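Down below is the structure, laid out as structure tokens.
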Amino acid sequence: METHKKLDLTNEQKENLPLFYEFIMYNDMVDHRPDFSRDLLFFTVEDHNTSFPYMGSAKPISKIIDYSQIRQRLPGKHKSKKQ
Amino acid sequence: MILTKTIKEQFLYLFADCYPVKGFKRSMLYDLSNKRAHFIPTPYFDLLQHCRKYKIGDLYDMLATPTDQQEFKKFLTYLFNNNLAETVDDITLFPPLNIEWHHPSVITNAILDVDPKRKKPDYRSILEQLDELGCYHIQLRCYTRISMTYIKQFLALTKGRKFRSLQLLFKYDPAITPRQLAAIIADYPVIDTISIHSAPHDKLVPPKKKEYTPFGQILYLTQEINSCHACGVINTFSFKTPDIGEFMENKLYNSCLNRKISIDAAGEIRNCPSMNKSYGNIASRPLKDVIDKEEHFKKLWTINKDQISTCKVCEYRYMCTDCRAYLRDPSDIYSKPAKCKYNPYLAEWEN
């Protein structure tokens, strides 16, 4: 009898799942990459006795760069966005 | 889709992380976990408001014409196919999300404007203060050329701090080579992006794949950025479909200014460098003092999109990052951002 169900999750869902999933399971997988360097992904704060991941801001810190102009000028893969 | 008797007796459960946002001409369904947004006709927004009260069959019977009923079935199919909704017997077992947002940091992001010709501010003290306030993200902006020595001295002061990302923006200087930029990215994994404005060409240099870093890209821009007045650009490229946390923050607080602090090139402390009001100079006033004592400073954090004229009927309003510095009516802090060209009444972008 099946006692648990494995969730079929997209990468986007994995990124937004609660901390325990992202930081235990996701990073566990990353750790097995042969080129993985922990120092490049995390910084350690001794006061907190733990490590934190480097991560970008979820929203633009400022809107000084007009990305619509850049996307139009960059060659190839950056197509104009549907509005 | 065939509406069987069983389905008609069930409720339509729009998943809790799928949030409908009403616009004037059209509405949007934000799929927060998948970070996708779907345009929906505004009448369906109104219909979704009733789906917790009425069963699918009741909703179906309320529709006036066979054409409406046919369209309703198509809409249900769309929701199910896109994993936005499910049918359930007891809707009360699936409560909606609480609309709330909390963050452990007093300040989450900061902008530091730099003018290398002026006396260098005490960056050690500034970064220490930002660190104590729990600041995650810093953007250092310079409208002129800046030396690698200046940049490296600044970066050296970020070491040992709890910052999670750092963005650098400065003017193109042929003396600064891509190799030098790659070297500082390698030395400082906290660097998110180095953007170089007024460059001869637009070019994106992605992070090196052989080193698994979360970021570290270099972006050359032909856009000329001569002052903070270039800020406040709002278009679809400044939008990002939010996740649950970002959505809650955007819904409840100002999506640009909330928990932001800035120091302009003259050392003046502001909500953002483009805002007129200064709360004193960093040389004489600690950042925490401004946050603790200046009521107006934090009041701007609470101006959400539901309070802003025109924006409050815009379907993009919880993915837009707003601007309170450049306004259509500068005398009205609740007026629409001046640089937004979207008209939600027509669902059209100007020009």
Side-chain angles (χ1 to χ4, degrees), chain A residues 7-19 21-22 27 29-48 50-83, chain B residues 17 32-36 108-111 136-139 141 162-165 167 169 189-190 192-193 195 197 201-204 210-215 219 221-223 225 228 230-238 240 242-246 249-250 255-256 260 272-273 321 323 339 342 349:
Chain A
L7 294 171
D8 183 15
L9 299 170
T10 63
N11 284 335
E12 288 85 356
Q13 286 172 315
K14 285 174 189 171
E15 285 169 12
N16 289 291
L17 280 169
L19 291 178
Y21 193 92
E22 183 178 353
N27 287 333
M29 290 189 284
V30 171
D31 215 353
H32 286 85
R33 287 176 59 110
D35 52 359
F36 172 77
S37 167
R38 189 173 177 80
D39 290 344
L40 291 174
L41 278 177
F42 295 88
F43 58 94
T44 301
V45 179
E46 289 180 5
D47 295 352
H48 297 221
T50 189
S51 295
F52 294 93
Y54 290 117
M55 58 187 212
S57 175
K59 58 186 179 185
I61 299 173
S62 72
K63 292 176 287 296
I64 203 160
I65 297 174
D66 186 351
Y67 287 99
S68 67
Q69 290 182 27
I70 301 158
R71 299 282 173 124
Q72 285 166 10
R73 288 194 294 259
L74 279 175
K77 55 195 171 187
H78 302 283
K79 292 178 183 169
S80 63
K81 197 173 178 180
K82 276 190 180 178
Q83 299 176 349
Chain B
D17 56 359
L32 301 173
S33 290
N34 287 307
K35 302 184 90 169
R36 292 194 192 111
T108 56
N109 66 102
I111 300 174
Y136 278 21
H137 311 290
I138 295 177
Q139 187 175 63
R141 308 189 309 193
K162 298 188 287 293
F163 307 129
R164 299 195 177 193
S165 80
Q167 296 176 2
L169 172 81
V190 71
D192 176 343
T193 309
S195 304
H197 64 84
H201 51 265
D202 290 298
K203 187 180 177 187
L204 175 66
K210 63 176 185 179
E211 292 166 356
Y212 188 76
T213 58
F215 33 61
L219 182 59
L221 317 161
T222 51
Q223 182 188 352
I225 301 175
C228 64
C231 201
V233 176
I234 294 178
N235 53 44
T236 50
F237 292 94
S238 60
K240 183 168 156 273
D243 65 17
I244 293 172
E246 293 151 20
E249 183 183 9
N250 291 354
S255 45
C256 182
K260 180 193 293 298
C272 106
T321 47
C323 176
K339 298 184 187 180
Y342 186 65
W349 291 87

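The sequence lines fix the lettering, A, B, ..., with proteins before strands; numbering per chain opens at 1. Note that the structure is predicted; figures quoted are calculated from it, not measured.
By the ring pair (Phe, Tyr, Trp, His ring centres under 6.0 Å) test, B/Tyr136 is found to be paired with B/His103, residues two or more places apart in sequence or in another chain being considered. For A/Lys59, the salt bridge (Lys or Arg N to Asp or Glu O under 4.0 Å) criterion is met by B/Glu249, not counting sequence neighbours.
Neither the backbone nor the side chain of B/Tyr342 has a heavy atom closer than 4.5 Å to any heavy atom of chain A. With a 4.5 angstrom heavy-atom cutoff, B/Ile138 touches chain A only via backbone atoms. In this structure, the portion of B/Ser255 lying under 4.5 Å from any heavy atom of chain A is its backbone and not its side chain. Interface residue B/Ser195: only side-chain heavy atoms are found under 4.5 Å from chain A. Only the backbone of B/Cys228 comes within contact range of chain A, with at least one heavy atom under 4.5 Å from a heavy atom of that chain.
Put simply, the side chain of A/Ser62 reaches to within 4.5 Å of the side chain of B/Arg141, judged on heavy atoms. For the pair A/Ile65 and B/Val233, the minimum side-chain heavy-atom distance is 4.5 Å or more.
Between B/Ser165 and A/Met55 the shortest heavy-atom distance is CB-O, 3.2 Å. When all heavy atoms of B/Gln223 and A/Asp66 are compared, the pair lying nearest together is OE1-N, 2.8 Å.
Note that CD1 of B/Ile234 and NZ of A/Lys63 are 5.5 Å apart. Values are rounded to the nearest 0.5 Å. Atom CG of B/Asp192 and atom CD1 of A/Ile61 lie 7.0 Å apart (nearest 0.5 Å). Once rounded to the nearest 0.5 Å, the distance linking NZ of B/Lys260 with OG of A/Ser57 reads 7.5 Å. Atoms OG1 and OH, from B/Thr236 and A/Tyr67 in turn, are 13.5 Å apart once rounded to the nearest 0.5 Å. Summarising the geometry, atom OH belonging to A/Tyr54 is positioned 13.5 Å from atom NE2 belonging to B/His137; distances are rounded to the nearest 0.5 Å. Between A/Ile64 atom CD1 and B/Leu221 atom CG the span is 10.5 Å, to the nearest 0.5 Å.
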